[in-house]
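Hydrogens, waters and symmetry mates play no part in the numbers below; they use all other heavy atoms, side chains included. Each chain gets a letter, A, B and so on, in the order its sequence line appears, and its residues count up from 1.
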Number of protein chains: 2
Amino acid sequence: MNSKYSPERLEKAARCLRTLAHPLRLQIINLLSQRERAVQELEKELGVSQSSISQHLNLLKDKEIVASRRAAQQVFYRLNDPRFLELISLTRELFCKE
Amino acid sequence: MNSKYSPERLEKAARCLRTLAHPLRLQIINLLSQRERAVQELEKELGVSQSSISQHLNLLKDKEIVASRRAAQQVFYRLNDPRFLELISLTRELFCKE
DNA sequence: TGTGTTTATTATAATATTCATATATTATGA
DNA sequence: TCATAATATATGAATATTATAATAAACACA
């Protein structure tokens with residue numbers, strides 16, 4: 001009855017945590033928690049190349065952390081679940097006490 | 001006022017999340033959430049080599065996720081903060097819904 | 001169709017992580 | 001001190017992740 005923490009599930013949880021565990025991706029999530037943004041907005045706000053932003057967004061999308069919609073040439077990304085911010089907030093609380 | 005999510009802090013949060021993001025380390029945390037354990041207990045329960053367990057414990061200790069005490073030849077490890085389990089639980093909730 | 005704008009994909013070099021093996025350290029008790 | 005038990009550390013090969021540069025694809029509009 002500890003299947004909640006079966007090796008398979010922990011394996012999956014680990015893969016998903018790894019996806020969160022990147023400073024740029026955390027910044028993206030933080031920005032998207034305010035409102036949806038186009039790729040080029042993120043590019044400007046974060047000062048990172050288009051290719052890099054796009055690749056990171058792809059990883060986040062693959063784990064269903066973000067979702068996207070296209071509007072003409074732009075693609076807007078948004079956070080899929082506001083609780084991802086909670087997760088980051090709890091992480092900060094636990095690790096960044098000084 | 002968004003210093004809570006300054007790049008520096010997110011950088012640190014990312015490093016700490018990376019430390020959590022390993023299936024074996026999640027299993028260790030899960031076991032330690034019940035009660036403290038000696039290295040050899042973890043070794044037996046998880047079926048992993050002594051060296052491997054010790055290396056993973058060292059990473060967890062470095063990030064202050066676990067703490068340890070020595071009793072004769074044995075070293076007992078414990079979870080430093082029960083909220084680490086909350087973090088994992090929330091992760092599971094967010095990512096392992098099916 | 002042709003051009004400009006935005007986003008996605010691919011390839012690859014640099015870096016980081018993981019795992020296994022061998023060795024070292026720490027403590028106990030004869 | 002010596003032998004044994006428990007744990008820690010060092011090293012290197014295998015693997016995974018990341019960043020950069022180059023190219024491709026999707027869309028709008030003249």
Residue-level proximity of residues 16-23 of chain A to DNA chain D when a heavy atom falls under 4.0 Å | Arg18(A), His22(A)
Kindly say whether, by distance alone, the side chain of Gln50(A) makes a donor-acceptor pair under 3.5 Å with the base of dA8(C)?
-> yes
Measure [atom1]/[X] against [atom2]/[N] and give the value in whole Å, please.
{"X": "Leu42(B)", "N": "dA6(D)", "atom1": "CG", "atom2": "P", "value": "14 Å"}
{"X": "Glu43(B)", "N": "dA8(D)", "atom1": "CD", "atom2": "C1'", "value": "13 Å"}
{"X": "Arg25(A)", "N": "dT18(D)", "atom1": "CZ", "atom2": "C1'", "value": "9 Å"}
{"X": "Leu24(A)", "N": "dT17(D)", "atom1": "CG", "atom2": "C1'", "value": "14 Å"}
{"X": "Ile53(A)", "N": "dT5(C)", "atom1": "CD1", "atom2": "C1'", "value": "18 Å"}
{"X": "Lys44(B)", "N": "dA5(D)", "atom1": "NZ", "atom2": "P", "value": "12 Å"}
{"X": "Leu46(B)", "N": "dT7(D)", "atom1": "CG", "atom2": "P", "value": "13 Å"}

Pick base, sugar-phosphate or nothing for Ser54(A), based on heavy-atom distances below 4.0 Å to the nucleic acid.
-> base
Using a 4.0 Å heavy-atom cut-off across all strands, classify Arg15(B) as base, sugar-phosphate, or nothing.
-> nothing
Take Arg70(A) and Val75(A) through the side-chain contact (heavy atoms from CB on, under 4.5 Å) test and state the conclusion after the steps.
-> CA-CA 4 Å; Arg70(A) 182 179 271 277; Val75(A) 178; 3.9 Å; yes
For residues [X] and [Y]: do they belong to one hydrophobic cluster (side chain heavy atoms under 4.5 Å, members Ile, Leu, Val, Met, Phe, Trp, Tyr)?
{"X": "Tyr77(B)", "Y": "Leu31(B)", "result": "yes"}
{"X": "Leu57(A)", "Y": "Leu46(A)", "result": "yes"}
{"X": "Val48(A)", "Y": "Ile65(A)", "result": "yes"}

Just to confirm, is there a sub-4.0 Å distance from OP1 or OP2 of dT17(D) to any side-chain nitrogen or oxygen of His56(A)?
-> no
Test item: Arg9(B) and Lys12(B) side chains (from C-beta on) under 4.5 Å apart, heavy atoms = no
Between Arg78(B) and Leu32(B), is any pair of side-chain heavy atoms under 4.5 Å apart?
-> no
For a quick test of reading the model, state the closest non-hydrogen atom pair linking [X] to [Y] and the distance between them.
{"X": "Ile53(B)", "Y": "Glu43(B)", "answer": "CG1-CA, 4.1 Å"}
{"X": "Leu85(A)", "Y": "Leu79(A)", "answer": "N-CD2, 4.5 Å"}
{"X": "Leu26(A)", "Y": "Leu20(A)", "answer": "CD2-O, 3.2 Å"}

Do any of residues 70-78 of chain A sit with a heavy atom less than 4.0 Å from DNA chain C, and if so which?
-> Gln73(A), Gln74(A), Val75(A), Tyr77(A)
Going by number, which of residues 57-68 of chain A have a non-hydrogen atom under 4.0 Å from DNA chain C?
-> none
Considering residues at least two apart in sequence or located in another chain, which fulfil the ring-ring contact (aromatic ring centres under 6.0 Å, His included) criterion with Phe84(A)?
-> Phe95(B)
Can you give one letter per nucleotide of nucleotides 10-15 of chain D, 5' to 3': B if a protein heavy atom sits under 4.0 Å from the base, S if only from the sugar-phosphate, - if neither?
-> B-----
Would you find more than 12 non-hydrogen atoms of other residues, nucleotides or ligands less than 6.0 Å from Glu45(B) atom CD?
-> yes
Evaluation steps, side-chain contact (heavy atoms from CB on, under 4.5 Å), between Glu41(B) and Arg35(B) = CA-CA 11 Å; Glu41(B) 289 182 84; Arg35(B) 63 166 195 282; 3.8 Å; yes
Are the side chain of Gln74(B) and the backbone N or O of Ala71(B) linked by a donor-acceptor pair below 3.5 Å?
-> no
If an axis is fit to five pairs at each end of the helix from dT1(C)-dA30(D) to dA30(C)-dT1(D), what is the angle between the two, to the nearest 10°?
-> 10°
